[in-house]
Amino acid sequence: MILVTGGAGFIGANFVLDWLATSDEAVLNLDKLTYAGNRDNLAALAQDSRHRLVVGDIGDRALVDALLQTHRPRAVINFAAESHVDRSIHGPAAFIDTNIVGTFQLLEAVRQHWNGLEPEDQQRFRFLHVSTDEVYGSLAANEPAFSETTAYAPNSPYSASKAASDHLVRAWHHTYGLPVLTTNCSNNYGPFQFPEKLIPLMLHHALTGKPLPVYGDGANIRDWLYVGDHAAGIRRVLEAGRLGETYNIGGDSERTNLQVVHGLCDMLDRLRPDPQGSYRRLIRFVSDRPGHDRRYAIDARKIRTELGWAPAHSFESGLEHTVAWYLSHATWVERITSGAYRDWLATHYQ
Ligand code: NAD
Ligand code: TYD
């Protein structure tokens, strides 16, 4: 079996669902169920004996030790993190606790477990750390995309905490020989994404007639990848990645934020027309995010050539799929856009 951390969040849940759709290997899912973790994301597995959710913290050493000892997974895939840049600006402490200290505790538990394995099991074992392209900082318009050798230059509390965790993972390989792999992926979108991130937030606001808040001039660029393609990339790295290596994952789909929002409005105009007019009328330019990175772009040649991975979706086909998913999952959206979520909107977008 494999141990997945953070598997009730957006990417983790997509990964677990895809894993069990393509393999019979069981998944033990350790998730703290923060505001971003959601049991509803795993509802399709409610009756599936191959999946078990344990509610807990990756930083809880006693719990992680016990899980490793009892279940003896052959791999750990670490998705658990605080993941939203704007929240990291309002309150960085949780990012330090989970992304840095939590990863450290997890690495230590895994190291102890791995040290006690038989040589054959030690050889087979993998620790895969899921990270982000944001660790590389911001690109100017004419600079080449981030490769695995681009120097780290994180600019937000979120990206700094992820960069720190990547360094710990690297050091646990070089110093202790732990069999690690790291992936650095560009911006994801798709089903089950919490509506604090650009695409689901814009969809939720458009469908409820609220303003669509575009930060600054809307010309910041992100490189978008459909979440199912990210999950497939992680599976491939787990299967065939070289130990101690990092792999950048991205979809060659650079878009300005305004292009993304226009694209979403146009799709909604077609699929769910509003009698009051195009959804574009709701766009508002609002104050910029402090320290807002201008451009991210991923050079994914290494995973493409070495491991034969390629995204199945173009940005347009992935977005169409995503919009259709949100339109047909109104209850999922309703259930998570109550209470604490509304407080976040009120504080952040005041
Ligand atoms: P998310 O915020 O949707 O989910 C994070 C999950 O981790 C939640 O289920 C949460 O409950 C859980 N969690 C948080 N703290 C925990 C702790 N201390 N112990 C156990 N569980 C905990 O995030 P996501 O978008 O699914 O991102 C998953 C991973 O992928 C993160 O490591 C993130 O840095 C990375 N990543 C995200 C993107 C993106 O575009 N969303 C892109 C590249 C990399
Ligand atoms: P986000 O989804 O928060 O991802 P990240 O900051 O990790 O790239 O934001 C994506 C882009 O969209 C980023 O440039 C900030 C911008 N953005 C807005 O313009 N308005 C919003 O309300 C949000 C949440 C993001």
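Remember, it's a predicted structure, so these values are computed and weren't measured experimentally. Counting starts at 1 for both ligands and their atoms, in listed order.
Neither the backbone nor the side chain of V286 has a heavy atom within less than 4.0 Å of ligand 2. At a 4.0 Å heavy-atom cut-off, ligand 2 touches N257 through the side chain alone. With a 4.0 Å heavy-atom cut-off, ligand 2 is reached by no atom of T132.
Nearest heavy-atom pair across R295 and F146 is O-CZ, 4.2 Å.
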Practice task
Go through K32 and D60 one step at a time and tell me if the salt bridge (Lys or Arg N to Asp or Glu O under 4.0 Å) criterion holds.
Solution key: CA-CA 10 Å; K32 193 177 171 184; D60 181 343; over 6 Å; no
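If you check the side chains of E306 and Y247, you find a donor sitting under 3.5 Å from an acceptor. Checking N155 against D293 by side-chain atom types alone, a donor-acceptor pair falls below 3.5 Å.
The protein heavy-atom contact nearest to atom 11 (O) of ligand 1 is D31 OD1, 2.6 Å. Counting only heavy atoms of the protein, atom 2 (O) of ligand 2 lies nearest to L198 N, 2.8 Å.
Every heavy atom of A13 sits 4.0 Å or more from the atoms of ligand 1. Proximity of A8 to ligand 1 is established by a heavy-atom distance of less than 4.0 Å. Judged by the shortest distance from any of its heavy atoms, Y158 lies outside the 4.0 Å radius around the atoms of ligand 2. Note on ligand 1: G102 sits outside its first shell, no heavy atom being nearer than 4.0 Å. Proximity of S186 to ligand 1 is established by a heavy-atom distance of less than 4.0 Å. T5 does not count as a contact of ligand 1, since none of its heavy atoms falls under 4.0 Å from the ligand. Remark: distances from the non-hydrogen atoms of Y158 to ligand 1 include one below 4.0 Å.
Each of the following atoms of ligand 1 lies closer than 4.0 Å to a heavy atom of F79: 28 (C), 29 (C), 31 (C), 32 (O). For ligand 1, the atoms closer than 4.0 angstrom to any heavy atom of T34 are 10 (C), 11 (O), 14 (C), 15 (N). Annotation for ligand 1: atoms under 4.0 Å from non-hydrogen atoms of A80 are 7 (O), 20 (C), 21 (N), 22 (C). Of all atoms in ligand 1, numbered sequentially from 1 with element shown, those under 4.0 Å from a heavy atom of D57 are 17 (C), 18 (N), 19 (N). Near N187, meaning under 4.0 Å from any of its heavy atoms, are these atoms of ligand 1: 40 (O). Annotation for ligand 2: atoms under 4.0 Å from non-hydrogen atoms of E196 are 24 (C).
For the pair R235 and W19, the cation-pi test (distance below 6.0 Å, angle within 45°) is failed.
One option in L106, N188, L198, N38 has a heavy atom closer to atom 40 (O) of ligand 1 than any other, and that option is N188.
A donor-acceptor pair under 3.5 Å links the side-chain atoms of Y326 to the main chain of G190, judged by distance alone.
Atom CD of Q123 has 12 or fewer heavy atoms from other residues, nucleotides or ligands within 6.0 Å.
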